[in-house]
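Order of the sequence lines sets the chain letters (A, B, ...), proteins ahead of strands, with each chain counted from 1. Below, each value reflects all heavy atoms present in this structure, side chains not excepted, and no hydrogens, waters or symmetry copies.
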Amino acid sequence: MSVTQIARTSPALLVVSPDNWRLAIAVGLLVSAPAVAALPPGTSFWVVGAMVALVAAAFVVNAWRRRYYGGLLVAPAIAVLFVMNIFPLLWSLGLSFFAYQSNLQSIRFVGLYNYTKVLTNEIAAPDNWNALVNTGMFVVLTVSAQMIVGFLLAMMFAKEFPLRRYLLILVLTPMMLSVVAAGVFFTYYYDPTFGILSYVVNSIAGGQFILMSSKAGAVAGIVFADAWMWSPFVMLLVLAGLVSVPKYLYEAAAIDRVSAWRRFWCITFPYIRGLLMLALLFRTIEAFKLADLVILLTKGGNDTMTISYQLIRIANEQNKTSEGAAISYVMLFMVIVLTNLYLYLANRRNRRVET
Amino acid sequence: MTASSTIKHALLAAGVAASLVTLGATWAPAEEVTLTMAVPDWPPTRIMKKFFDEQYKPKSGNHVVLDVDFIPWPDFYTRVNASLTSGEKKYNFIVSDSQWLGAFVEGGYYRKINDLLDADPEFKKTVLSVHPAVLAAYSTYPYKSKNYYGFPQFPDVLVNFARKDVLCDATEQKSFMAKYGKKLPCTGEELDAMTWDDFRNVGEFFRRKKGEMLAGKPLDDDFYGIAYQAGKGYDFASMQINGMIWQMGGNIWDETQAPTGQAEGVVNSPVAVKALEQYLGMIEYMPPVAKTGTMDIFKTDELFREGKVAMNVDWIGLGEGTIDPKISKVADKLVVGMMPGTLVDGKLVRWSNIGGQPFVLTTWTTPLQTKEAVEFVKWWLSDDIQRQFAAAGGQSAIKSVYEDPKYVTYRPWNRAWAASLDWQKDVWHVPQFFELLTEQQDQFDLAITGEQDAKTTLDNIAKFQQNLLTEAGLIQ
């Protein structure tokens, strides 16, 4: 038996050695379970934490001795991901099964009560559903507005024209502004007394124009502000695609006298499709979380409440932590389903194109 | 080591220990005590910090530092809430809206001060010299009980800010008299005597289009008679509506009646519906932004400062801006009266929802810090400092201070202060405050933007409150 072969086999379960990760897991479970059951939460938290650290250390030593250097190299990233992301995620998943308010010190297991409450309770649920429907509406409207405007802007900036560089910087500015600044700016823009919009409409059409006094107006106001901020982002991505199209393809097409429409569909579009899809994915996920502009422009008035803002109110303002956790899990589930559906569709189309 | 050197070492050690003890004893009185405080960033708290740094000399001889965290208003609740619920135990003092008391007392964050009051008669005397309505609102949980928690930082009430250049104009006076058979209020006393009907009339009378005449001059923009808070955010409608409901003899859910007091039947009583109808009826005379549900206390203040309205009911706390010529077009035209009232049997009833903030002590404050904190509060509420605070733009709820004839000379709105205090009541202090408030504000917003009528609005609120409070065991 060669040296490497010895090193490749893990020690038997009951051998006490720093690389015995099986033993570490067994000890961890044996210590954690009674600690959680018997000790107060404040103490058992640290006991379980120490056990997790023990198992992690065993894995590291094991990987070192067995020369799984690849695994060792990604370990820090995985550790950070676990501490900053996966652990809080699991923690809040756990919280969603308890009745817990962050400003009160009591906690009680209630099973699926929070989920049934946020989804079916006759007083609490309608607001959530309504906010969810509004969110869906905002996703469709803001994302399509951004995709169209961003795409058209990119088509424009793909060509050379005087002052292009300066105009490009100007068009990119909204994206770099803080949302709060943009929100305050649009509040004044739409204000019926101080705002320029009402001023212009009033002087042309007469009467008193108040954009934000109806649902349609308020939604339009929010969608416009959001599109103003984020169309440049779509434009940047599409522009990157447009620039990558090889010039000779267009030259060949010109020799063949291919129509502009065909040129676009057969040459340009295949190059930018991937990036368009990426922009769509990013913007959809972001639009699902829309809350800042709503807070700044309407405070959720005129039926513009979104699920994210509803969540902020429940979890942060009213301190109903576990109810908020339940809503965020419902949301997370929906986003995961949507994203996968989207990836499935995108992949299927790719496969069809390839075959 | 020899025996002698052991003894030598022991002696040396004893000597060092002894000198350390002596040193400790001599240095003990001059301990460094830091009191950390979370406050909203605005003049009243800036003044407090300035006074402390310039004038405060602790009697104990300790070196006391007031470490103040100035937090912008829009973030204030979020930051305080996050600090408390995360358990970081950072602040010893917290400026708190009185409505937050229940939520944070139940969480074990705010320290009950009854033992401190009992231990120090002078402290008790100081705290009890605060106007009783203000003390009940700022300090007690449950509301109006004998459990004390807070001390006034900046007490505040709603008053009527008005423009005398417009109101006192001779032609306006004449045509108002011709139209309503009543004198158009122009002086502070006349403003004090206003009812909500008069307020409505002023609103109707002064609604002018661009190009029409106002006080003998053509307008370059639309002008409106009246404004008050009608916004969806935070409590920017409830604070006005509560006052009207109380004035007309109705009530909100009354926590002092718990657990037998009901929400249904009280919150949506016919009188309350009438009061809300009166509130909604005046919106049409207000600047058009009211129809968007975003006309909060800051927006009405801005409209008033920009000269777009003749009268604005708003908090004194925002008054300082109206007399600053740099940001106010009406700085030299200001006259202030009490908030309008309701005539009941020939007498003006003026119930109003109290504003402003107390500051409270937190439970993790050490005994030494608490001792210094008590001394600091005594100093803060002392006659001399409260007088200086008022002169610098603050308000005082200490009787001897606001009853001094000099008090009304400090600021234009101070003339309305003392008379308003007796009429202040507070909204709920229960831990469910935020849920009650957000639901109520959502419903009021629907009414303000014309989506539903007053009756439906209050029915919905009553149903929600009945359900929530029954679940919480506050209604049986």
Region of [X] in contact with chain B, defined by heavy-atom distances below 4.5 Å:
| X | result |
| --- | --- |
| D191(A) | side chain |
| L297(A) | backbone |
| F194(A) | side chain |
| D127(A) | side chain |

Heavy-atom contact with chain A under 4.5 Å, split by part of [X]:
| X | value |
| --- | --- |
| E302(B) | both |
| F433(B) | neither |
| Q441(B) | neither |
| E451(B) | side chain |
| L303(B) | both |

Closest contact, heavy atoms only, [X] versus [Y]:
| X | Y | answer |
| --- | --- | --- |
| T298(A) | K232(B) | O-CD, 4.1 Å |
| Y77(B) | N319(A) | OH-ND2, 3.7 Å |
| I123(A) | F464(B) | CG2-CD1, 3.6 Å |
| A103(B) | L104(A) | O-CD2, 4.5 Å |
| Y199(A) | K210(B) | CE1-NZ, 4.1 Å |

Original post:
Roughly how far, to the nearest 0.5 Å, is the CG atom of L437(B) from the CD atom of E317(A)?
Top reply: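 Interatomic distance, E317(A) CD to L437(B) CG, rounded to 0.5 Å: 9.0 Å.
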Original post:
Distance from K299(B) atom NZ to T193(A) atom OG1, nearest 0.5 Å?
Top reply: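 That separation rounds to 7.5 Å.
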For [X], is the [atom1] atom crowded, meaning more than 12 foreign heavy atoms sit under 6.0 Å from it?
| X | atom1 | answer |
| --- | --- | --- |
| W73(B) | CH2 | yes |
| L90(A) | CG | yes |
| M84(A) | CE | no |
| F109(A) | CZ | yes |
| K463(B) | NZ | no |

Subject >> Residue pair T438(B) / Q318(A), side-chain donor-acceptor N/O under 3.5 Å >> reply: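 Their side chains do contain a donor-acceptor pair, which is all the 3.5 Å distance test asks for.
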**OP:** Could you tell me which of D442(B), T449(B), N467(B) has the largest number of non-hydrogen atom pairs under 4.5 Å with chain A?
**Re:**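 Highest number of heavy-atom pairs under 4.5 Å: D442(B).
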Original post:
Between G233(B), P288(B), G107(B), which shows the greatest number of heavy-atom pairs under 4.5 Å with chain A?
Top reply: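 Maximum pair count with chain A is reached by P288(B).
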Original post:
Between K299(A) and D445(B), does at least one N-O distance fall below 4.0 Å, as a salt bridge requires?
Top reply: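 Salt bridge absent between K299(A) and D445(B).
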Subject >> Q208(A) side chain near D222(B) side chain, heavy-atom distance below 4.5 Å >> reply: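 A side-chain contact exists here, since the closest heavy-atom pair is under 4.5 Å.
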Subject >> Test item: N103(A) and L84(B) side chains (from C-beta on) under 4.5 Å apart, heavy atoms >> reply: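 Not touching, per the 4.5 Å side-chain cut-off.
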Original post:
Counting N and O atoms only, with roles assigned by atom type, does the side chain of N81(B) sit under 3.5 Å from a partner on the main chain of N316(A), one being a donor and the other an acceptor?
Top reply: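 Such a contact is found between N81(B) side chain and N316(A) backbone.
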Original post:
Can a cation-pi geometry be assigned to K291(B) and F209(A), taking NZ or CZ under 6.0 Å from the six-membered ring centre and within 45° of the ring axis?
Top reply: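 No, a cation-pi geometry is absent between K291(B) and F209(A).
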